[in-house]
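Letters go in sequence order (proteins before strands), and every chain restarts at 1. Worth saying up front: this structure is predicted, and the values here are computed from it rather than measured.
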2 protein chains.
Amino acid sequence: MPTLKPRKRPKQQRSRETYDAIVAATTRVLKREGYEKASTNRIAEVAGVSVGSLYQYFPNKQALVIAVVERHSDQLIAMLERTIADLGAAPIPDAVRTFVRAMLAAHALDPQLHRVLVQQVMHIGLEHTRKFDRRAQQLVRAYLEAHADEVLPDDYDTAAFVLCHAVDAVIHMAVLESDASAAKLEDGTLEREICALVLRYLLGSAD
Amino acid sequence: MPTLKPRKRPKQQRSRETYDAIVAATTRVLKREGYEKASTNRIAEVAGVSVGSLYQYFPNKQALVIAVVERHSDQLIAMLERTIADLGAAPIPDAVRTFVRAMLAAHALDPQLHRVLVQQVMHIGLEHTRKFDRRAQQLVRAYLEAHADEVLPDDYDTAAFVLCHAVDAVIHMAVLESDASAAKLEDGTLEREICALVLRYLLGSAD
DNA sequence: TACAAAAGCGAGCGGTCGCTCACATTATAA
DNA sequence: TTATAATGTGAGCGACCGCTCGCTTTTGTA
């Protein structure tokens, strides 16, 4: 297993711009041409930089992709934490609706990139791709524990695991498909149904 | 888009064995070495066959992988249909438990292969990889419609979509992770919790 | 046994890929 | 200004890839 950390840290303004251009180009190429076409030569070309420069800051292709993955999932996590921060006091139905909306918003942030990363890049950095999942589970688990006496499930770990993956997968599949389920994303059908799933699991009724 | 159908149909016993050996070798290499290492030369070598022979029956690498995908998902579908066939009359809690068990069994059939196909091969034949999902949705939809008056959701398409993807994703993630959630697979924790999720969504209570 | 069809072979072609390295250019410090 | 470090360049190496094609071997048929 080769190192994944940058070979060299950008010290001057110029090189910081190069570094950013490379990450941006990787994102662009992944989105527009897919993982298989995303050769390092192609990425360097799109970044307006030589391959040599690329390899000054990234030891290999994997590190390049991981940088993109981390940047993306950090954004998602930040968004989730922002909208969920002060939810501890809210009544459960409100909290669930907010949570589901946050998950929907996360998938809407950059659906194209999200799709490529999940479909084609998952195997590169499993650890990195699932940072978001893990953080979501932590947040849900904490919430469930704080509302232990209002909530049916008593195994919070398992409940958080089940809930997060269920919600994530349903949203993800809806984003992937371009046909009917996209419509259910537009109008509130899917949101309503996911909330019902979660609420009935937690309370036995969807209010 | 190149053709994906075999170039030549095996007519003699000998060639049918070659054909099968190639598909089996593809499966083995995918499982043991992953998609990236699964070159056609390597597959031919493992099959004990020359590359030339391989290309007599498969027009390109994609066709090879699709053959494996279809064989696997046909097995899953057959298994699902067998255990679900005469479930129309069963009370809902029993039916749900049977369905969830069938999904668990499907993922237990060849977890390694399932994992590689979902993680690394999804983008090759989206249409083919999701045959199983689509069939499961059809079956669930039909069941819901037949029990319309006993069940809370009234949009059967959406409900089937949500249920199948939720159940599938939770099981899939549990199979992927090698740590704690594997234990929840062994003892009945996960099965019980997934049943609860589905039952409360359908009935409002898990009985 | 003779012969055509079917099946099997594998060196190697044309191409792409990840990545290196000897060198050129630009910024910083003395 | 000049020495030194930081940054940037791109031709091209070695490895591997998917795939072809001229050829040999095996099989079914007469």
Asker: Between B:Glu17 and B:Arg14, does at least one N-O distance fall below 4.0 Å, as a salt bridge requires?
Answerer: no
Asker: Could you state the atom-to-atom distance from CD1 of B:Ile22 to P of C:dA7 in whole Å?
Answerer: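 Answer to the nearest Å: 12 Å.
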Asker: Can you find a side chain N or O atom of A:Ser39 that sits less than 4.0 Å from OP1 or OP2 on C:dT16?
Answerer: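 For C:dT16, OP1/OP2 do not have a side-chain N/O of A:Ser39 under 4.0 Å.
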Asker: Does A:Ala67 offer a backbone N or O that forms a donor-acceptor pair with the side chain of A:His72 under 3.5 Å?
Answerer: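 Checking the backbone N and O of A:Ala67 against the side chain of A:His72, no donor-acceptor pair under 3.5 Å is found.
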Asker: Can you find a donor-acceptor pair, distance only, under 3.5 Å between B:Asn41 side chain and D:dC17 base?
Answerer: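 No pair found.
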Asker: Taking the six-membered ring for Trp and the single ring otherwise, decide whether the centroids of A:Tyr143 and A:Phe99 are under 6.0 Å apart.
Answerer: no
Asker: Could you state the CZ-P distance from B:Arg16 to C:dA7, rounded to the nearest angstrom?
Answerer: 9 Å
Asker: Evaluate whether atom CZ of A:Arg97 has more than 12 neighbouring non-hydrogen atoms of other residues, nucleotides or ligands under 6.0 angstrom away.
Answerer: no
Asker: For a quick check, with a 4.0 angstrom heavy-atom cut-off, what is the B/S/- contact string for nucleotides 21-30 of chain C, read 5' to 3'?
Answerer: B----SSS--
Asker: More than 12 non-hydrogen atoms from neighbouring residues, nucleotides or ligands closer than 6.0 Å to CZ on B:Arg32, yes or no?
Answerer: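 No, the 6.0 Å shell around CZ holds no more than 12 heavy atoms from other groups.
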Asker: Could you give the CD1-to-P distance, from A:Ile43 to C:dC17, as a whole number of Å?
Answerer: 11 Å
Asker: Identify which one of A:Leu117, A:Asp110, A:Val118 satisfies the side chain to side chain contact (heavy atoms under 4.5 Å, CB included) criterion when paired with A:His114.
Answerer: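 Going through A:Leu117, A:Asp110, A:Val118 one by one, the side chain to side chain contact (heavy atoms under 4.5 Å, CB included) with A:His114 is satisfied by A:Val118 alone.
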Asker: Starting at the 5' end of DNA chain D and moving along, which residue's nearest nucleotide shows up first, B:Lys37 or A:Leu54?
Answerer: A:Leu54
Asker: Between D:dG10 and A:Ser50, is there an OP1 or OP2 to side-chain N/O distance shorter than 4.0 Å?
Answerer: no
Asker: Rounded off to whole Å, could you give me the CZ-to-P distance for the B:Phe58 and C:dG8 pair?
Answerer: 12 Å
Asker: Round to the nearest Å and state the distance from B:Glu17 atom CD to C:dA6 atom P.
Answerer: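 These atoms are roughly 19 Å apart.
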Asker: Any idea which of C:dA7, D:dG18, D:dG8 is nearest the B:Thr18 side chain?
Answerer: C:dA7
Asker: Round to the nearest Å and state the distance from A:Gln62 atom CD to C:dC17 atom P.
Answerer: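 To the nearest whole Å, that distance equals 18 Å.
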Asker: Can you check the B:Arg42 CZ to C:dG10 P distance for me, whole Å?
Answerer: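 One finds 16 Å between P of C:dG10 and CZ of B:Arg42, rounded.
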Asker: Among D:dC19, C:dG18, C:dC9, which is the nearest nucleotide to the side chain of B:Val49?
Answerer: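 The answer is C:dC9.
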Asker: I want to verify a distance call: between C:dC19, D:dG18, C:dG8, whose nearest atom is closest to the B:Tyr57 side chain?
Answerer: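 The answer is C:dG8, which lies nearest to the side chain.
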Asker: Just distance, no hydrogens or angles: give the donor-acceptor pairs under 3.5 Å from side chains in residues 20-28 of chain B, sequence neighbours left out.
Answerer:
| residue | atom | partner | partner atom | Å |
| --- | --- | --- | --- | --- |
| B:Thr26 | OG1 | B:Ile22 | O | 2.8 |
| B:Thr27 | OG1 | B:Val23 | O | 2.9 |

Asker: Need to verify one output field. Residue with the more 5' nearest nucleotide on DNA chain C, B:Gly48 or A:Tyr35?
Answerer: B:Gly48
Asker: Tell me the interatomic distance from A:Asn60, atom CG, to C:dG18, atom C1', rounded to whole angstroms.
Answerer: 9 Å
